[in-house]
Q: 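Handing you this structure, nothing more for now.
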Amino acid sequence: GEDVEQSLFLSVREGDSSVINCTYTDSSSTYLYWYKQEPGAGLQLLTYIFSNMDMKQDQRLTVLLNKKDKHLSLRIADTQTGDSAIYFCAGGRSNDYKLSFGAGTTVTVRA
Amino acid sequence: KAGVTQTPRYLIKTRGQQVTLSCSPISGHRSVSWYQQTPGQGLQFLFEYFSETQRNKGNFPGRFSGRQFSNSRSEMNVSTLELGDSALYLCASSLTSGGLNTEAFFGQGTRLTVV
């Protein structure tokens, strides 16, 4: 199965950009996802990227995929206090019917 | 369009009891997956159902079971509850194209506490 690793903590100043990194082991992953979890809540799908793409941009979010290094990153532009949360990257093969999650990166936005 | 609905939101059970959790997927989604989230183990895959058939199962004991109904709603059951079963149980529904899952949307979860 997939092993997914993330750094555990990130502190960023309000208005700066945040970059959350993730590495994965399974090169046959079809989809790679970023989810956001706020305290006491479920997982909110932020964005996803197909494994045949290098980059995807969606408003303040930019996902970069380096297939050679099996590295995925999420950049949040103009980080706001409402962006404070735990961010999970996840990978899966579409015919495997399951996602493998990283441990989550806790992002703290300071004024 | 309504999201993924999980009921109940919170549950307290005693060791040895059994519990049933429910998940209603997004309308039109036929795939439902279940995950367990704990501080120690993170998010772990339990099982996935599509058209009432279990297509994949995670590494959990047989006390954990599930099923899916013809309207795509799913239930999971945990029998003989243990303290270690205390967790947030998350359900996800997915679009399916050609039998393959794409985006997975999660519900708010059911917080199960075993005392």
Side-chain angles (χ1 to χ4, degrees), chain A residues 1-9 20 22-26 28-53 56 58 61 63 65 72 74 85-106, chain B residues 3-7 9-10 21 23 25-26 29-51 53-60 66 68 74 87-111:
Chain A
E2 177 84 84
D3 282 329
V4 180
E5 293 189 1
Q6 301 176 240
S7 51
L8 294 182
F9 301 100
I20 308 167
C22 173
T23 57
Y24 59 97
T25 59
D26 189 348
S28 63
S29 290
T30 308
Y31 297 90
L32 293 151
Y33 301 83
W34 284 103
Y35 286 91
K36 175 183 179 183
Q37 187 175 39
E38 296 180 82
L43 299 178
Q44 176 192 351
L45 176 62
L46 291 176
T47 187
Y48 66 95
I49 189 168
F50 295 111
S51 58
N52 63 357
M53 297 167 66
K56 182 178 181 182
D58 184 1
L61 305 177
V63 179
L65 176 59
L72 181 73
L74 174 70
I86 302 176
Y87 291 79
F88 292 92
C89 72
R93 292 168 289 191
S94 55
N95 61 351
D96 198 33
Y97 317 121
K98 71 174 187 179
L99 296 177
S100 296
F101 286 84
T105 299
T106 299
Chain B
V4 181
T5 304
Q6 292 189 244
T7 56
R9 287 292 312 277
Y10 303 92
L21 312 181
C23 172
I26 293 170
H29 288 197
R30 293 165 63 190
S31 167
V32 174
S33 307
W34 289 89
Y35 293 80
Q36 181 196 64
Q37 186 178 26
T38 59
Q41 298 298 315
L43 282 148
Q44 301 288 318
F45 170 76
L46 281 156
F47 24 66
E48 189 266 2
Y49 289 89
F50 176 81
S51 290
T53 300
Q54 186 184 88
R55 295 193 295 186
N56 200 356
K57 187 178 190 304
N59 189 25
F60 279 82
Q68 187 181 35
S74 178
L88 180 66
Y89 289 88
L90 292 161
C91 164
S93 81
S94 296
L95 281 167
T96 309
S97 175
L100 305 180
N101 290 352
T102 57
E103 302 159 81
F105 297 90
F106 283 80
Q108 292 298 298
T110 294
R111 172 76 61 185

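Letters go in sequence order (proteins before strands), and every chain restarts at 1.
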Q: Under a 4.5 Å cut-off applied to non-hydrogen side-chain atoms, are L32(A) and V63(A) in contact?
A: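 Of all side-chain heavy-atom pairs linking V63(A) with L32(A), none is under 4.5 Å.
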Q: Side chain from CB out, backbone as N, CA, C, O: work out which of these in A103(A) comes under 4.5 Å of a heavy atom of chain B, or both, or neither.
A: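 Neither part.
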Q: With sequence neighbours left out, write down each residue that passes ring pair (Phe, Tyr, Trp, His ring centres under 6.0 Å) with F88(A), or none if nothing qualifies.
A: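 Counting only residues at least two positions away or on another chain, F88(A) forms no ring pair (Phe, Tyr, Trp, His ring centres under 6.0 Å).
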Q: Examine whether an atom of S31(B) lies under 4.5 Å from a heavy atom of chain A, and if so say whether it belongs to the side chain, the backbone or both; otherwise answer neither.
A: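 Neither part, no heavy atoms under 4.5 Å.
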Q: Taking the side chain as everything from C-beta on, heavy atoms only, tell me whether C22(A) gets closer than 4.5 Å to V4(A).
A: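 A side-chain contact under 4.5 Å exists here.
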Q: Is the number of heavy atoms from other residues, nucleotides or ligands under 6.0 Å of D58(A) CG greater than 12?
A: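 Enclosed: over 12 neighbouring heavy atoms sit under 6.0 Å from CG of D58(A).
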Q: Are F50(A) and Y31(A) packed together at the side-chain level, in the sense that at least one heavy-atom pair is separated by less than 4.5 angstrom?
A: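 Yes, side chains in contact.
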Q: Taking side chain as everything from C-beta outward and backbone as N, CA, C, O, which of these in Y35(B) sits under 4.5 Å from a heavy atom of chain A? Side chain, backbone, both or neither.
A: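 Y35(B) touches chain A through side-chain heavy atoms alone.
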Q: Is R9(B) in contact with chain A via its backbone, its side chain, both, or neither, using a 4.5 Å heavy-atom distance?
A: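 R9(B) touches chain A through side-chain heavy atoms alone.
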Q: Need one label for L45(A): side chain, backbone, both or neither, based on atoms under 4.5 Å from any heavy atom in chain B.
A: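 Answer is side chain: those atoms of L45(A) sit under 4.5 Å from chain B.
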Q: Please indicate whether E5(A) has more than 12 foreign heavy atoms, meaning atoms of other residues, nucleotides or ligands, lying under 6.0 Å from its CD.
A: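 Check fails, neighbour count at 12 or below.
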Q: If I measure from the heavy atoms of chain B, does Q44(A) come under 4.5 Å with its side chain, its backbone, both, or neither?
A: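 Neither part, no heavy atoms under 4.5 Å.
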Q: Please work out which of the three classes, parallel, tilted or perpendicular, describes the rings of Y35(A) and F106(B), given edges at 30° and 60°.
A: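 The rings of F106(B) and Y35(A) stand perpendicular, inter-plane angle above 60°.
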Q: With chain A as the partner, which of Q6(B), Q37(B), Q41(B) has the greatest number of non-hydrogen pairs under 4.5 Å?
A: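 Of the candidates given, the most pairs with chain A belong to Q37(B).
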Q: Could you look at Q44(B) and say if it's the side chain, the backbone, both or neither that has a heavy atom under 4.5 Å from chain A?
A: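 No part of Q44(B) comes within 4.5 Å of chain A.
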Q: If I measure from the heavy atoms of chain A, does L46(B) come under 4.5 Å with its side chain, its backbone, both, or neither?
A: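 L46(B) has no heavy atom closer than 4.5 Å to chain A.
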